[in-house]
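In what follows, a structure is listed as structure tokens, so that the remarks can point back to it.
Computed from heavy atoms alone, side chains included, the values below leave out hydrogens, waters and symmetry copies. All chains are named by letter (A, B, ...) in the order of the sequence lines, taking the proteins before the strands, and each is independently numbered beginning at 1.
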Number of protein chains: 2
Amino acid sequence: MTTFDELSRRLGQVSDLGAAASLLSWEQETFMPPEAARVRGLQLATLAGLSHELFTAPETGALLEGAQPDGDTQAAVVRVARRDYAKATRLPTAFVEDRTRAQNEAHHAWVHAREHSDFASFVPYLERMMDLARRQADLMGFEDHPYDALIDDYEPGMRAAQVKEVFADLRDRTLPLLERIRAAGDAADYRVLTRPFPAEAQKAFAWRVAGEAFGLTGDFARQDESAHPFQSNFSRSDIRITTRVEEYWPACLFGTWHETGHAMYERGVHERWERTPVSAGASLGVHESQSRMFENLLGRSLPFWQRYFPQLQEAAPQVTAGLDAAALYRAVNRVQPSLIRVEADEVTYNFHVMLRFELELALLEGSLSVRDLPEAWNAKMQAYLGLTPPDDASGVLQDIHWSAGLIGYFPTYTLGNLLSVQLLEAARQDAGVAAGIDRAEYGPLRAWLVEQVHQHGRSLSPAELTVQATGRPLSADPYVAYLTRKYGEIYSLS
Amino acid sequence: MTTFDELSRRLGQVSDLGAAASLLSWEQETFMPPEAARVRGLQLATLAGLSHELFTAPETGALLEGAQPDGDTQAAVVRVARRDYAKATRLPTAFVEDRTRAQNEAHHAWVHAREHSDFASFVPYLERMMDLARRQADLMGFEDHPYDALIDDYEPGMRAAQVKEVFADLRDRTLPLLERIRAAGDAADYRVLTRPFPAEAQKAFAWRVAGEAFGLTGDFARQDESAHPFQSNFSRSDIRITTRVEEYWPACLFGTWHETGHAMYERGVHERWERTPVSAGASLGVHESQSRMFENLLGRSLPFWQRYFPQLQEAAPQVTAGLDAAALYRAVNRVQPSLIRVEADEVTYNFHVMLRFELELALLEGSLSVRDLPEAWNAKMQAYLGLTPPDDASGVLQDIHWSAGLIGYFPTYTLGNLLSVQLLEAARQDAGVAAGIDRAEYGPLRAWLVEQVHQHGRSLSPAELTVQATGRPLSADPYVAYLTRKYGEIYSLS
């Protein structure tokens with residue numbers, strides 16, 4: 001056995017423990033009987049602890065140091081694992097345990113606070129999470145801004161300064177667009193979006209199209225229901241998406257296709273990296289570029305509905321009565337400022353993210369105190385979207401992220417949106433891909449995505465991947481052009 | 001932290017790894033997409049390996065030696081864990097790995113052999129499993145018979161000599177009964193057992209009765225479908241049963257109530273032993289006593305059907321047309337010698353087990369060679385049940401057990417049958433329990449079972465439990481009396 005073989009064996013065990021934990025978590029959200037929750041939590045803690053122990057053990061460090069990789073595949077494994085090891089060993093066990101406890105307490109406090117729209121009761125918990133975030137940034141180390149140390153967990157290599165610059169550009173060029181759209185008024189009859197659509201028919205239609213259009217099949221994937229939709233996978237041959245059914249039926253359809261984008265990314269990672277830390281998406285932002293591409297750039301496109309409208313008619317004739325593909329297309333592309341991020345349309349969504357990013361920076365820098373957060377939130381909500389939340393539950397308390405200490409996570413949603421269009425534009429340089437997209441036949445596009453994005457897993461950084469696949473660094477230009485073109489047409493803007 | 005606390009922490013981790021593995025296995029049989037099988041196998045191997053490593057580590061031995069238990073609860077944990085540790089450390093890792101490989105190969109060979117009814121191709125694999133069984137017995141050590149070392153894994157403390165004695169008694173007293181039943185002819189119209197019963201209605205009725213009669217509820221349990229019914233649990237608050245639907249609808253109903261018996265046993269183990277090795281049934285035999293009690297002694301009793309016949313009428317009017325509770329009771333208690341153990345009735349079932357036990361003994365002793373096994377099987381099948389299998393697939397190749405090296409497992413099925421009646425007779429000494437049983441109200445019985453059987457988990461040996469709960473050692477008497485009484489009445493034997 002070579003040192004690399006020994007390393008592989010150990011990384012395989014770490015991967016298996018992670019997969020087991022993911023399965024337990026997925027099952028917790030889908031099938032688990034309610035009384036099982038307490039012990040399931042203990043089981044998940046054990047798996048996380050043993051996995052961390054195994055990966056950060058000095059033996060792992062010695063294997064990583066001694067491993068002489070043979071070829072590109074092995075080199076990527078060692079490179080990625082060394083980076084993960086360096087990061088994982090920088091946080092002392094006592095800190096990690098302290099943070100886990102604080103997250104647990106803050107989570108319960110947040111659930112209670114949101115339920116009662118009582119931000120004051122959440123203040124001490126969020127203050128503690130911010131303290132921990134600052135301590136974590138110090139432990140991890142950074143050059144320019146503590147935020148850089150945090151966002152790196154979700155978007156490796158990304159820096160606060162770059163986010164600031166891209167976001168400022170995006171904001172300055174989409175706020176005027178939003179104003180023009182709002183001035184234009186309705187572009188369709190939006191009441192069709194809540195016409196009765198039986199639950200089973202919603203799920204079946206969404207799943208069938210996920211297979212036919214996007215390649216997700218029962219051979220390696222399942223669709224189940226959960227309170228909040230998510231994607232999870234336990235190997236590239238064992239992928240789960242969940243969805244939920246609502247009166248507003250687009251939630252089920254586009255939610256399913258969103259998770260399908262995540263699923264097909266994980267499916268596309270090359271199998272040579274099976275059971276290694278390379279076998280996952282490059283970052284949350286790149287992941288989001290795939291989910292948003294399927295959900296919005298394809299799923300909310302006119303060619304898509306020209307192709308799938310007849311199937312929707314068959315699945316839900318009462319929904320499509322009196323409509324055609326073009327009318328449905330306009331209806332599912334309604335632009336409407338709203339209070340809740342997860343319900344936002346393509347134009348307003350990014351303002352929800354910018355707001356959070358700006359508040360995170362201010363909190364971390366200390367220029368904003370946790371106590372003053374609701375006021376700052378509401379001011380930005382008014383500035384960006386012209387709305388004031390009636391209460392903190394539909395304002396500053398709406399997201400779970402901060403209660404879990406996930407500072408630096410939100411920007412990846414918008415980075416993913418930007419990258420989705422930049423990638424699609426690059427893919428369309430291939431005439432076959434472009435022709436396919438225009439007929440809603442996505443086989444050539446999917447092949448391009450596997451080649452340029454999926455197969456690489458974590459072997460490329462998001463920045464490397466972006467340049468390699470699109471020829472240039474991430475930019476707001478393609479996304480702004482896309483929004484302007486699409487919504488200019490829908491809302492007949494001159 | 002005391003030594004016991006440290007021990008507890010470690011045993012908790014071992015328990016959590018086992019629970020995770022059980023969940024992965026359960027999911028493999030219920031929901032997993034087919035392509036996931038290969039990696040799932042690797043994940044399960046990692047969990048088993050890490051769990052074994054953690055439990056058999058010298059540190060565990062030191063903690064077990066140093067632990068000073070405080071009180072009965074802790075004393076039982078240390079006692080059971082010490083016994084498990086002594087057994088687990090007696091097999092060298094090389095032997096365990098060798099056996100795992102052999103099991104894997106033999107399993108595939110068995111699947112192929114059974115499919116083609118080709119025993120000859122299975123011979124070398126079964127010979128190897130028998131060699132491994134002999135080596136295992138030598139490594140574990142035994143006083144009288146190598147079989148003692150093997151059966152101890154499934155029925156702690158049981159010995160071949162005791163099984164022989166009890167089985168001989170049972171055989172001598174039930175063979176004549178079987179002959180009288182066969183001479184009596186049909187006791188009902190058995191065609192009703194394959195009347196159309198829609199799949200969803202079968203499952204729903206079986207599950208509703210599992211809750212109403214036996215206490216299994218969705219708060220801590222789930223019912224799903226799988227190719228072979230089984231019970232699995234990941235804590236006493238996280239229990240799963242599976243069932244399957246067949247044209248012969250009693251398979252679904254009685255299968256569900258069988259697994260419900262297993263489930264309620266695990267549910268009843270006292271929570272003070274949560275995440276310790278005490279938290280499980282005392283043995284396979286005691287487990288089977290609970291499943292067979294619910295399935296047969298209660299589920300196939302007249303009072304049961306007098307109570308639940310109206311619900312069956314509502315669930316499946318086409319099945320019950322022209323029948324009453326008594327007619328249904330006689331139909332589901334058909335006695336009919338058959339080739340397949342898992343389909344056998346209460347009277348003939350144990351002959352299937354005796355046959356296997358006798359063959360296992362002869363194989364282990366070397367008085368029978370693997371090559372001659374089919375001939376010996378068929379001879380015994382003729383002697384006990386008057387049948388000759390048309391091929392080995394429905395004869396010697398029907399069970400999975402031997403391919404997995406599970407020698408000593410089969411007797412627990414019959415030991416469980418015997419114990420089920422012995423326990424029920426003891427429970428009936430309580431007038432409230434007896435009155436409840438006669439009205440098919442099982443609350444008092446379940447309370448008695450929790451008190452006398454379930455709560456103790458593995459803290460009592462099967463023999464201790466039997467004497468404590470019933471006042472005497474295991475005997476065939478109650479079971480023989482039960483069969484004679486029940487089937488004498490059904491078949492109007494004089």
**Q.** Which atoms of A:Arg236 approach chain B - backbone, side chain, both or neither, heavy atom under 4.5 Å
**A.**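 Neither part.
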Q: Could you label the plane-to-plane angle of the B:Phe31 and A:Trp26 rings as parallel, tilted or perpendicular, counting under 30° as parallel and over 60° as perpendicular?
A: perpendicular
Q) Using a cut-off of under 4.5 Å for heavy-atom pairs, which of A:Ser235, A:Pro33, A:Ser237 has the most such pairs with chain B? A) A:Pro33
Q: Heavy atoms only, distances under 4.5 angstrom: which of A:Ala221, A:Ala36, A:Gly49 has the most pairs with chain B? Name it, please.
A: A:Ala36
Sort [X] into side chain, backbone, both or neither according to what part of it lies under 4.5 angstrom from a heavy atom of chain A.
X: B:Leu42; answer: both
X: B:Ala20; answer: both
X: B:Gln13; answer: both
X: B:Arg40; answer: side chain

Q) Can you list the steps and then say if B:Leu23 with A:Leu24 is a side chain to side chain contact (heavy atoms under 4.5 Å, CB included)? A) CA-CA 7 Å; B:Leu23 180 59; A:Leu24 265 65; 3.2 Å; yes
(Q) Under a 4.5 Å cutoff for heavy-atom pairs, which residue among B:Met32, B:Arg9, B:Glu35 has the most contacts with chain A? (A) B:Glu35
Q. Charged N to carboxylate O below 4.0 Å: is that the case for B:Arg240 and A:Glu27?
A.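 Looking at B:Arg240 and A:Glu27, the cut-off is met.
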(Q) Show the nearest heavy-atom pair for residues B:Pro34 and A:Gly218, with the distance to one decimal. (A)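 Closest approach of B:Pro34 to A:Gly218: CD-O, 3.6 Å.
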Q) Do A:Val39 and B:Glu274 come close enough that some side-chain heavy atom pair is under 4.5 Å? A) yes
Q. Which side chain to side chain donor-acceptor pair (under 3.5 Å) pairs, counting each pair once, include a residue from residues 41-59 of chain A, with sequence neighbours left out?
A. A:Thr46-B:Asp16
